[in-house]
Amino acid sequence: MKDVIKTFDNLPWIVKIILCIPALDIVWTVYRLIKSIDAQNTVGIVVSIILFFCAPFVWLIDLICVLVNKKVWW
């Protein structure tokens with residue numbers, strides 16, 4: 001799982017922005033879930049599952065975070 005996390009972290013900035021498009025933002029939701037499972041963070045796992053169903057609202061937060069910090073939220 002660490003390889004998947006590292007791969008997503010090392011994506012080019014423009015690819016991260018493209019993955020923030022509403023239909024593709026599910027990728028970042030799965031990324032958050034994998035990252036929480038790897039860290040054995042129970043609260044993070046529960047929140048990422050909840051965000052899976054709230055994805056239409058999270059894409060904007062991810063887009064802003066990528067534009068400002070070049071990292072996805074969380």
Side-chain angles (χ1 to χ4, degrees):
M1 277 201 251
K2 292 190 187 297
D3 293 335
V4 174
I5 295 169
K6 189 184 222 182
T7 302
F8 277 107
D9 287 339
N10 293 332
L11 285 174
W13 185 62
I14 191 73
V15 175
K16 289 181 180 182
I17 290 174
I18 292 170
L19 290 175
C20 288
I21 295 172
L24 299 175
D25 192 56
I26 196 76
V27 172
W28 293 121
T29 305
V30 172
Y31 165 77
R32 282 189 275 274
L33 180 62
I34 291 171
K35 196 170 179 180
S36 295
I37 290 171
D38 186 56
Q40 297 178 351
N41 182 358
T42 307
V43 175
I45 294 170
V46 172
V47 171
S48 63
I49 291 171
I50 291 170
L51 288 177
F52 183 78
F53 298 105
C54 300
F57 305 107
V58 179
W59 73 269
L60 188 59
I61 296 170
D62 284 338
L63 181 63
I64 292 169
C65 288
V66 168
L67 289 173
V68 174
N69 299 329
K70 297 187 179 177
K71 291 167 118 182
V72 188
W73 174 55
W74 177 2

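The first residue in the sequence is number 1, and the count goes up from there.
By the side chain to side chain contact (heavy atoms under 4.5 Å, CB included) test, Ile5 pairs with Asp9, Tyr31, Ile34, Lys35, Asp38, sequence neighbours left out. Val66 meets the side chain to side chain contact (heavy atoms under 4.5 Å, CB included) test with Trp13, Lys16, Ile17, Cys20, Val72; sequence neighbours excluded. Here Val47 pairs with Val43, Leu51, Trp74 under the side chain to side chain contact (heavy atoms under 4.5 Å, CB included) rule; sequence neighbours left out.
You'll find the side chain of Trp59 stays beyond 4.5 Å of the side chain of Trp28, heavy atoms only. When side chains are defined from C-beta on, Phe53 counts as touching Ile49, because their heavy atoms get closer than 4.5 Å.
Considering every non-hydrogen atom in both Gly44 and Ser36, the closest pair reads C-OG, 3.4 Å.
Evaluation of the salt bridge (Lys or Arg N to Asp or Glu O under 4.0 Å) test over residues 41-51, restricted to residues two or more places apart or in two chains, returns none. Within the structure, salt bridge (Lys or Arg N to Asp or Glu O under 4.0 Å) pairs that include any residue of residues 58-69 comprise Arg32-Asp62 (at least two apart or interchain).
The CG atom of Leu24 sits 11.0 Å away from atom OG1 of Thr29, with the distance rounded to the nearest 0.5 Å. With values rounded to the nearest 0.5 angstrom, Ile37 atom CD1 is found 10.5 Å from Thr42 atom OG1. Taking CG from Leu33 and CD1 from Ile45, the interatomic distance works out to 6.5 Å, rounded to the nearest 0.5 Å.
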